[in-house]
Amino acid sequence: MNWPRLHLSRLNTGLVSWLALVWFIPILATAAGEEMPAHRLFEKRILPIFKSPNPSSCTECHLAGVDLKNYILPSHEKTFLSLRDQGLIDLDNPRASKILRLISMGETNQGSSLISARMRKMEYDAFAEWIQASCRDPKLVNAPRLPETKMAKPTHPLEVIRHARTDRLLASFEEKIWSQRFRCSGCHSATGTENAKLVAEHGQQVSWMKETAESTMSYLLDSENINRKQPERSRLLLKPLNEIKHGGGQKMLPGDITYKAFRAWLDDFAKTVNDQYSTASDLPKIKPAPILVGTDIWLQIKETPPEWADKLLQVSLYAWDKDRGFWGTEPIAISDRAVYGKGKLWQHSLIFLTSQGSDRAREWSRKPSLPSGRYLLKVHVDANERLKSDWTATLGEAEFVGETVLQSAWPKGYGQMTVVATSQLRR
């Protein structure tokens, strides 16, 4: 992974001079056998951070909303009081000050480059030495509280700052993009069955899907697949939509399961990096979402009528609840794809649904499978293409075309799909 490339690309050559400045000043002071006063430490080591046009090491963990210079004022005294009054300085144990913990949080970032690690250490050492020197000044420690309006802090609330963390972005990526990888891995993963042939024809850029969610997201963020200003025009969407010629043809439709997931993540990422979230109410509403588990279990619906041709068809599969004696209220599996009009059929692999931390989630993480038995299948078709005009909409009663109870052992593999005839569906 290479997080700093997301942020350090904005740095200019002035950074090297600044690093040199804050690195050698403490060495010179030590060599001279002097203990530099707090106000002089502030001038020599903290103000350069405040005046630097370059972002601080905060950008290793935050895409937007916060920078170390947000906590600094031009005055040594006011900066100390501002940090003290916000609970960011521990007067009894300066080395345990919260501001130092915040600076050092980037150490857990495995992708930190050498230059960003050095920058973080400079910032940490500068603040640590200045805070310790300031805490030895009783007059400063006991000074009256600074008015709230005079304190230095980020303009965004804590909720927005946390939302812009890279680890939060990765968790969202895993939920919305990585969970859908089975739709793309055949061609775009190095281990995919079609990958070697496509790489030979089009180059390594075909293999945008890497071994882990983290490395895949890092690659995508550093590629041309994501449009940060117009996320809806990202290649990550336009290629599978076939709006940009796609060798694999159309793999998604506006408003289908994968499109919804990809689009939601792309929109949120763009708003985050473009600093478009100002308040907690601006953030996307977090709804409890099931875990999506891709499978190699296929379902086919044959003999589809002409009016369904090339329209989005969505299936929902429900298991029988033995304890309660009725069908489950939530689907155990879903899938959607365009109907193949010429062939008068629809077919696709199932996506299993389960809750985070459940026994089923642990079982399916090892081996996704369904027990043989009877299941209720419900089918919806977006015949009027409502999702084209509103991709956030969900298919409901108006799109419901029928249901049936089917018996299947749910074998794996494209060549062993469970088949249902449209004539079996009942409204």
Decide yes or no on side chain to side chain contact (heavy atoms under 4.5 Å, CB included) for M209 and Y219, but give the supporting numbers first. CA-CA 8 Å; M209 187 173 291; Y219 176 84; over 6 Å; no
Scan for side chain to side chain donor-acceptor pair (under 3.5 Å) pairs involving [range], sequence neighbours excluded, and state none if there are none.
| range | result |
| --- | --- |
| residues 365-374 | none |
| residues 196-205 | E194-K197 |
| residues 288-304 | D296-W298, Q300-Q347 |

Look only at the side chain of [X] and the backbone of [Y], and say whether a donor-acceptor pair between them is shorter than 3.5 Å.
| X | Y | value |
| --- | --- | --- |
| Q230 | N227 | no |
| S218 | E214 | no |
| Q180 | F262 | no |
| R145 | L81 | no |
| K260 | W391 | yes |

Check: F173 ring centre within less than 6.0 Å of W265 ring centre: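 Yes, close enough.
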Keeping to residues at least two apart or across chains, list the ring-ring contact (aromatic ring centres under 6.0 Å, His included) pairs with something in residues 300-320.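 Pairs touching residues 300-320 that pass the test: W320-W327.
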Is any NZ, NE, NH1 or NH2 atom of the basic residue among [X] and [Y] found under 4.0 Å from an Asp or Glu carboxylate oxygen of the other?
| X | Y | result |
| --- | --- | --- |
| D390 | R386 | no |
| K153 | E148 | yes |
| R183 | D336 | yes |
| R168 | D268 | yes |

About how many Å separate CG of L236 and OG of S223, when rounded to the nearest 0.5 Å?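 So the gap between those two atoms works out to 8.0 Å.
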For the atom pair CD1 (I297) and OG (S349), what is the distance rounded to the nearest 0.5 Å?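 Separation between the atoms: 9.5 Å.
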Testing the 3.5 Å rule here: is there a donor-acceptor pair between the side chains of Q86 and S82?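 Judged by distance alone, the side chains do pair up.
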Walk me through whether D256 and L387 qualify under side chain to side chain contact (heavy atoms under 4.5 Å, CB included). CA-CA 8 Å; D256 71 13; L387 295 179; 5.9 Å; no
Least distance between heavy atoms, F400 atom then R426 atom: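 Looks like CZ-O, 4.5 Å.
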Heavy atoms only: give me the nearest Y259-L253 pair and the separation to one decimal.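 Heavy atoms only, the tightest pair is CB-O, 3.4 Å.
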Would you mind writing out the side-chain donor-acceptor pairs for residues 89-96 within the sub-3.5 Å range, not counting sequence neighbours?
residue	atom	partner	partner atom	Å
D90	OD1	D92	N	3.0
D90	OD1	N93	N	2.9

Which residue pairs pass the salt bridge (charged side-chain N to carboxylate O under 4.0 Å, His left out) test with at least one member in residues 238-249, sequence neighbours excluded?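 Counting only pairs at least two positions apart or across chains, the salt bridge (charged side-chain N to carboxylate O under 4.0 Å, His left out) contacts touching residues 238-249 are R233-E243.
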Hey, can you tell me if F42 and H76 have their rings parallel, tilted or perpendicular (30° and 60° cut-offs)?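 Because their plane-to-plane angle lies in the 30° to 60° range, the rings of F42 and H76 count as tilted.
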Side-chain contact, heavy-atom cut-off 4.5 Å: L317 with L299?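 Side chain of L317 against side chain of L299, heavy atoms only: no contact under 4.5 Å found.
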